[in-house]
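This report concerns only the one structure given below.
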Amino acid sequence: MVAWVALLWLLEVVDVASGHALDDFGVMPRTTSELVDVVPSAFLHFGFAHVAANSVPLLVLGFLAALGGLRRFAAVCALIIVCDGLGVWLIAPAHTNTAGASGLVFGLFGFLLCSGFVERRPMGVVVAVLVGAVWGGSILAGIAPGQTGVSWQGHLIGLLAGVASAFLFRRGPGRRDALTV
């Protein structure tokens with residue numbers, strides 16, 4: 001997770017040094033040519049304050065999610081990133097540009113909040129309660145419409161993709177993963 005967050009910061013340094021040339025890789029809704037930006041947009045940010053706001057939750061939530069296995073973690077992240085980017089492409093307001101790791105942050109929150117209960121694992125339930133207590137208020141505020149410059153659509157879709165991931169990639173008793181990835 002440290003390497004992932006370091007990559008986000010490096011990309012923002014490159015963006016600033018290039019006169020914000022990477023900002024064009026955000027998702028602009030319902031423009032067919034923008035579908036190629038669905039994945040890259042999750043790694044790009046609009047300024048250092050933006051990447052800073054995502055860094056700590058991504059480090060912590062990503063670390064906790066990765067404890068369930070790296071293959072599973074990679075599959076969960078890939079599903080969240082793709083679903084979030086496609087969802088933003090479909091429902092974000094016209095003439096907007098959306099980028100950032102917050103869809104993944106919200107997705108990892110949803111995954112951690114649900115997976116312990118879905119799998120009926122006591123430690124997972126404890127993690128869910130702790131994650132909900134620490135970040136629940138921020139998550140609820142982040143999905144509220146009307147915040148200028150904030151993609152509540154991306155946050156909500158990321159959260160829903162994370163919840164779906166908890167069911168799709170659940171581990172059952174005696175099995176490593178519900179789906180082999």
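We number each residue from 1, following the sequence as shown.
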Looking at [Y], is its backbone amide N or carbonyl O close enough to the side chain of [X] to form a donor-acceptor pair, meaning the two atoms are under 3.5 Å apart?
| X | Y | result |
| --- | --- | --- |
| Arg171 | Ser115 | no |
| Gln147 | Ala141 | yes |
| Ser18 | Ala21 | yes |
| Trp89 | Val38 | no |
| Asn97 | Asp23 | yes |

request  = Determine, step by step, whether Phe48 and Val16 satisfy the side-chain contact (heavy atoms from CB on, under 4.5 Å) criterion, reporting the C-alpha distance in whole Å, the side-chain angles of both residues, the deciding distance to 0.1 Å, and the verdict.
outcome  = CA-CA 9 Å; Phe48 290 110; Val16 169; 3.7 Å; yes
Verdict with reasoning, Phe25 to Leu22, per side-chain contact (heavy atoms from CB on, under 4.5 Å)
CA-CA 6 Å; Phe25 293 98; Leu22 298 181; 4.1 Å; yes
Contacts satisfying side-chain hydrogen bond (donor to acceptor under 3.5 Å, both in side chains) that involve residues 51-66 (not counting sequence neighbours) are Trp9-Ser55, His45-Asn54
How about Val60 and Trp135: do any of their side-chain heavy atoms sit closer than 4.5 Å? yes
pair Trp4-Leu8: side-chain heavy atoms closer than 4.5 Å
yes
CG (Leu35) and CZ (Arg30) are apart, to the nearest 0.5 Å, by 11.5 Å
Rounded to the nearest 0.5 Å, the CZ atom of Arg121 sits from the CD atom of Glu119 at a distance of 5.0 Å
With sequence neighbours left out, the residues meeting side-chain hydrogen bond (donor to acceptor under 3.5 Å, both in side chains) with Asp15 are His20
Donor-acceptor contacts, no H, no angles, side chain residues 152-169, under 3.5 Å, sequence neighbours left out:
residue : atom : partner : partner atom : Å
His155  : ND1  : Gly142  : O            : 2.7
His155  : NE2  : Ser102  : OG           : 3.0
Ser165  : OG   : Ala161  : O            : 2.9

Closest heavy-atom pair, Pro93 versus Pro29, reported as atoms and distance to 0.1 Å, is O-CG, 3.2 Å
